[in-house]
Colleague: 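After the structure tokens below, expect a handful of questions from me.
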2 protein chains.
Amino acid sequence: MMTIRLGLVGVGKIAHDQHIPTIAASPDFELVATASRHGSVEGTPSYSSIEEMLDGPETIDAITLCQPPHVRYDAARLAIASGKHVFLEKPPGMTLGEVAALAEQAETAGVSLFASWHSRYGAAIDDTRAWLAGTTIHSVKAIWKEDVRVWHPGQEWLWEAGALGVFDPGINALSVLTAILPRRFFLTDATLEFPENRAAPIAADLTYVDTAGVPVAAEFDFRQPGPHTWEVHAETAAGTMLLAKGGNELWIDGVLKTTAPEAEYRGLYDQFARLIAAGKSDADTTPLAHVTDAFLRGVRVPVEPFHY
Amino acid sequence: MMTIRLGLVGVGKIAHDQHIPTIAASPDFELVATASRHGSVEGTPSYSSIEEMLDGPETIDAITLCQPPHVRYDAARLAIASGKHVFLEKPPGMTLGEVAALAEQAETAGVSLFASWHSRYGAAIDDTRAWLAGTTIHSVKAIWKEDVRVWHPGQEWLWEAGALGVFDPGINALSVLTAILPRRFFLTDATLEFPENRAAPIAADLTYVDTAGVPVAAEFDFRQPGPHTWEVHAETAAGTMLLAKGGNELWIDGVLKTTAPEAEYRGLYDQFARLIAAGKSDADTTPLAHVTDAFLRGVRVPVEPFHY
């Protein structure tokens, strides 16, 4: 297979932490250009905008977009219109409408659109899905709690009206639940806590039920000091399951069953390469639909102001 | 074609105003039973619940659900599990998750699920779609304003947390826009007005853009005294378009081009019969996704209390 020549837009924290080292180690991709207002990658041609990158001399087959979501649609639309395959960081858009529009555009243009959910590529996700399919589930609870000051230092955009707030990590939990559970689930109750000085929630308490009547709960909180908690707990006929470390460790009745070095972004880029080779798209918006459902249904509770 | 034996669940205002007379006049359907806590139809066996109706002696092929949406999922699930085709009044569910679950269940069960949008069956909808497809659109604006005291007298459920408020009629506008416009559109700005004593919005101001960059706006208001306004205005290269009376009159440059007696529910039941005959479902949730997007993105503004 030919190496896929990749342009990277948005050289910030997630690009440096994950995309750039993963692309460097991937057999499928070669980073040929970046576009970012401030960031760049040493040794790679850098531009200040996607428009300039597309006008540059480098041949680009595919583009990864990892800017904040509120500026991602226009970039994605331009990339697809230029015939490039597109990898969208999560969340794939500011609205379901945006993503539906991009999916339609990509199909018409004959390019691959990948709405990525990195937590679905945790080392223990596949084993967890298989294990849950083989037992009777009594109840499920996802707990995603972390310190926003550590994980999103100074990121004011996360708190603007229309931003996800605690659903930015919480959508990872929803991407995991929708990947590992055997049946669809839907929201029956939701409480969202909004700091008095912010337009996005800092915590959420969500009650779901699956189509067999099994209770599924989720708790998200941005105010946890110290180590983060990214876990799914399930009580089942075959014992107590814990999916820990955001999808990277499967424990049954206190015994570690599956683990491996965390390699979520390698999994994402492998999938992006497969999609391009197969001429397909993967733009599942189910996790985002669960988030919009929570904003529609949720009771809003004001809580104390949040400042970085 | 065999007559489809129909059970009707929820004998309230919309059932009396629309469903019962339409079913009586339809060549495809025969009303064989009703289920309702309070209502009934003279000459038709009546039950107090869907469970009792399903246990009764009448053979039922299909069920229409027109109770308030917060009790509709359980009824729909039971109806599908009993092998009945299901007609859902709008909105089709309290969440996107509910409707996705029902669609999957219906597909597995091999029955037809119809998520109905009555305004898409206005007399002028098809002509409007065709007319807009033949011109260049400069801008679009939907105005859906009515007096909630007239259209939803005393309906407290409409104002509970998770209920749609003004989006209950507003979703009709979105069902029309998604039916007549040639391209997808998505939300870029939203303001929702919430009465201080209510958990659902009384008015909304929505700004969309379509995938070609054409501005699309929508204004919903529950506080309009006197006659209601259910209109879509468009400025185009071929003149000024007005789709009036909720989709039943098409005017171009002030000249009435299409009208016919309002027959939206006849159109819905004709479509339901076609779906059953073809073994297909029609469960488009695009209008509901636009509503959830507005709750996710919308800036909330408190306004004066509302009392019936």
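Order of the sequence lines fixes the chain letters, A, B, ..., with proteins taken first and strands second; residue numbering starts at 1 for each chain.
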Colleague: Which distance, rounded to the nearest 0.5 Å, do you find between the CG of A:L96 and the OG1 of B:T286?
Modeller: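 The CG atom of A:L96 sits 10.0 Å away from the OG1 atom of B:T286.
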Colleague: Can you tell which of A:A190, A:A200, A:G162 has the highest number of heavy-atom pairs within less than 4.5 Å of chain B?
Modeller: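 Winner by heavy-atom pair count: A:G162.
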Colleague: Just how far is it from atom CG of B:L102 to atom CZ of A:F186, taken to the nearest 0.5 Å?
Modeller: 7.5 Å
Colleague: Against chain B, label A:R183 side chain, backbone, both or neither, depending on which of its atoms sit under 4.5 Å from a heavy atom there.
Modeller: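 Neither; nothing under 4.5 Å.
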Colleague: Under 4.5 Å from any heavy atom of chain B, what part of A:L164 do you find: side chain, backbone, both or neither?
Modeller: side chain
Colleague: So which of B:A101, B:A161, B:G298 has the biggest tally of heavy-atom pairs under 4.5 Å with chain A?
Modeller: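 Result: the option with the highest number of such pairs is B:A101.
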Colleague: Is it the backbone or the side chain of B:A100 that comes under 4.5 Å from a heavy atom of chain A, or both, or neither?
Modeller: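 Both parts, heavy atoms under 4.5 Å.
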Colleague: Any idea which of A:H290, A:E160, A:M94 has the most non-hydrogen atom pairs under 4.5 angstrom with chain B?
Modeller: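 Most pairs with chain B among the choices: A:M94.
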Colleague: Taking everything shown except B:E219 itself, do over 12 heavy atoms lie less than 6.0 Å from its CD?
Modeller: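 More than 12 within 6.0 Å, yes.
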Colleague: Does A:Q155, at its CD atom, have more than 12 non-hydrogen atoms belonging to other residues, nucleotides or ligands within less than 6.0 Å?
Modeller: yes
Colleague: With a 4.5 angstrom heavy-atom cut-off, could you sort out which part of A:A199 is near chain B: side chain, backbone, both or neither?
Modeller: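 Neither the backbone nor the side chain of A:A199 comes within 4.5 Å of chain B.
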Colleague: Does the B:R77 side chain pair with the main chain of A:T211, one donor and one acceptor, at a distance under 3.5 Å?
Modeller: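 Answer holds: yes.
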Colleague: State whether the side chain of B:D293 and the backbone N or O of A:G97 hold a donor-acceptor pair below 3.5 Å, judged by distance alone.
Modeller: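 Present.
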Colleague: Is it true that, when you exclude A:E304 itself, more than 12 heavy atoms of the residues, nucleotides or ligands shown sit nearer than 6.0 Å to its CD?
Modeller: no
Colleague: With side chain to side chain contact (heavy atoms under 4.5 Å, CB included) as the test, would you mind laying out the steps for B:R300 and A:R300 before giving the verdict?
Modeller: CA-CA 11 Å; B:R300 296 181 176 213; A:R300 296 181 175 211; 3.1 Å; yes
Colleague: A:E98 versus chain B, heavy atoms under 4.5 Å apart: side chain, backbone, both or neither?
Modeller: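 Both parts, heavy atoms under 4.5 Å.
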Colleague: Tell me, for B:Y73 versus chain A, whether the close heavy atoms (under 4.5 Å) come from the side chain, the backbone, both or neither.
Modeller: side chain
